[in-house]
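Residue numbers start from 1 in every chain, and the chains themselves are labelled A, B, ... in the order their sequence lines are given, proteins ahead of strands. Hydrogens, waters and symmetry mates are skipped; everything else that's a heavy atom, side chains included, is used.
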There are 2 protein chains.
Amino acid sequence: MDRTDTRSRIQEVALRMFIDKGYEATSLREIAEELGVTKAALYYHFDTKEKIVTSLIDDRIARLEELAEWGRTQPRTPEARREFIRRYADELHQGRHHDTMRFFERNQTALHDHPSSLRMRELMMSLIDMLSEADAPLEEKLKRSMAIFAVHATWFILRDQDVTDEQRQAAGLAVALELVG
Amino acid sequence: MDRTDTRSRIQEVALRMFIDKGYEATSLREIAEELGVTKAALYYHFDTKEKIVTSLIDDRIARLEELAEWGRTQPRTPEARREFIRRYADELHQGRHHDTMRFFERNQTALHDHPSSLRMRELMMSLIDMLSEADAPLEEKLKRSMAIFAVHATWFILRDQDVTDEQRQAAGLAVALELVG
DNA sequence: GTCTATACAACGATAGAC
DNA sequence: GTCTATCGTTGTATAGAC
């Protein structure tokens, strides 16, 4: 009804279309039509198409930064790594963070020059770095990095299987925990 | 010099630009400029922008289909799975297959409706299915699927490290082999 | 096999009325 | 806060000369 509501509806519809059809293939005209408003109405809430993306990603970035900060205070023990993964997985499945990550993953080149996208990439890399010592063997580094992947991959690897979201989630977490030792 | 050479140069330049800037963000005008020819020259070799993609992906698809066929003749043993992964990794690092996969991964939504892209997704899923029994536990399925991921992920996870391509490749293969048992 | 020239649609974005 | 109308640009693609 008020300004905030329309803004949020734009974010919601845009995110879904960016995931389904791709960022560049989704025009502002289509988003506007889906919402039953005009392009110009969108421009009242967001200066540019890019700013819609910014609004979506920045929320996710804030959460990841919190997690990164917590991670820096932790010792490099197996149990701390497992707790790190648990927190990552838990938080991924709240709000629209999972959708935001799907959007991010599936439109990597399209977002290549986007500042928020750049920050997201840096953050993900720094999270991955926290799972290993800087001088650890490559194999160990890679194996532990794969933990983060497992938490995400469980959603599209087991896509066609007859399982609930909870089972999918549990499998991803279990494999991830195993990978970080 | 002859028709085939120009054709191949178009593929090469287009692939690099599709990876760097994204498929949709790369216009035929830019590809033509990079090659020092005109847009119309491109249209002589490829009917549409889509057909450039088709030509790139179909080569990769043919190889994966060979591997899938070989896989179907194999028993479901750990050693057969390891050999399967070895063949996958070996073949990925020949020709421009690795670049083609990077292009494919990074432009998933942009290629969403593309027939060759659809076939590629199906193929990758069927390769993944070969690593597990249909009735295996979710965790096992996911863990083995992650082997394919490891072979790819080693290229961008260990990106900033001071390592050679061979070391990267070896780490990816080692982790993948461990994951399939 | 490559060119110039151009058609035509759709894009992101803006101006100004209501 | 949303509208109509329109700007300038860029996109894919084509026609026809050389």
Side-chain angles (χ1 to χ4, degrees), chain A residues 1-58 103 106-107 109-117, chain B residues 1-57 103 106-117:
Chain A
M1 208 62 78
D2 60 4
R3 180 199 146 102
T4 309
D5 179 63
T6 301
R7 208 185 130 89
S8 183
R9 280 176 61 229
I10 293 172
Q11 289 177 318
E12 194 180 322
V13 167
L15 180 55
R16 202 189 63 237
M17 295 181 82
F18 289 163
I19 292 173
D20 290 345
K21 313 190 7 158
Y23 173 68
E24 308 227 41
T26 303
S27 67
L28 295 175
R29 183 181 52 75
E30 288 171 306
I31 297 173
E33 271 172 16
E34 186 80 13
L35 282 163
V37 297
T38 61
K39 263 199 297 180
L42 259 57
Y43 275 99
Y44 174 80
H45 293 280
F46 297 97
D47 291 348
T48 63
K49 189 184 180 185
E50 244 193 44
K51 290 255 171 99
I52 301 178
V53 174
T54 307
S55 75
L56 290 168
I57 294 192
D58 283 1
F103 161 56
R106 297 177 68 166
N107 291 278
T109 54
L111 301 176
H112 195 258
D113 296 327
H114 194 290
S116 290
S117 172
Chain B
M1 207 59 81
D2 59 3
R3 179 198 147 102
T4 309
D5 178 63
T6 301
R7 207 185 131 90
S8 182
R9 280 177 63 231
I10 292 172
Q11 290 177 317
E12 195 180 321
V13 167
L15 180 55
R16 203 189 64 239
M17 295 181 82
F18 289 163
I19 292 173
D20 291 345
K21 314 191 3 157
Y23 173 68
E24 307 227 41
T26 304
S27 67
L28 295 175
R29 183 180 53 73
E30 287 171 307
I31 297 172
E33 270 172 17
E34 185 80 14
L35 281 163
V37 299
T38 61
K39 267 196 296 180
L42 260 56
Y43 276 99
Y44 173 80
H45 293 282
F46 297 96
D47 292 347
T48 64
K49 190 184 180 187
E50 244 194 42
K51 289 256 172 97
I52 301 178
V53 174
T54 306
S55 75
L56 291 168
I57 294 192
F103 160 56
R106 298 177 67 166
N107 292 278
Q108 285 210 49
T109 55
L111 300 177
H112 195 258
D113 296 327
H114 195 290
S116 290
S117 172

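Judged by distance alone, with hydrogens and angles left aside, the side-chain atoms of B:K49 form a donor-acceptor pair with the main-chain N or O of B:T26 at under 3.5 Å. A donor-acceptor pair under 3.5 Å links the side-chain atoms of B:S117 to the main chain of B:L111, judged by distance alone. Between the side chain of B:H114 and the backbone N or O of B:E50, at least one donor-acceptor pair lies under 3.5 Å. The backbone N or O of B:I52 sits less than 3.5 Å from a side-chain atom of B:S55, completing a donor-acceptor pair. Under a 3.5 Å cut-off, the side chain of B:T109 and the backbone N or O of A:N107 do not form any donor-acceptor pair.
A:F46 places none of its side-chain heavy atoms less than 4.5 Å from the side chain of A:T54. Between B:I31 and B:F18, the closest side-chain pair of non-hydrogen atoms falls below 4.5 Å. In this structure, B:M17 and B:V13 have side chains that are in contact, with non-hydrogen atoms separated by less than 4.5 Å.
Closest approach to the A:V37 side chain among C:dC3, D:dC3, C:dA13 is made by D:dC3 (side chain taken as heavy atoms from C-beta onward). Which of D:dG1, C:dC3, D:dC3 sits closest to the side chain of A:H45 comes down to D:dG1. Taking the side chain of A:A41 as heavy atoms from C-beta on, and the options D:dA13, D:dT2, C:dC3, the nearest nucleotide is D:dT2.
By the 4.0 Å N-to-carboxylate-O rule, A:E33 lies close enough to A:R29 to be salt-bridged with it.
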For nucleotides 14-18 of chain C, give me every protein contact, N/O to N/O, under 3.5 Å, one pair per line with atom names.
none

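At least one side-chain nitrogen or oxygen of B:Y44 sits closer than 4.0 Å to the OP1 or OP2 atom of C:dG1. At least one side-chain nitrogen or oxygen of B:T38 sits closer than 4.0 Å to the OP1 or OP2 atom of C:dC3.
Atom CG in B:L42 sits about 11 Å away from atom P in D:dA13, given to the nearest Å. Spacing between atom CD of B:E33 and atom C1' of D:dT10 amounts to 12 Å, rounded to whole angstrom units. C:dG1 atom C1' lies 13 Å from atom CZ of B:R9, rounded to whole Å. Rounded to a whole Å, the CG atom of A:D5 is 15 Å from the C1' atom of D:dT2.
Listed in residue order, the members of residues 18-32 of chain A having a heavy atom less than 4.0 Å from DNA chain D come to none.
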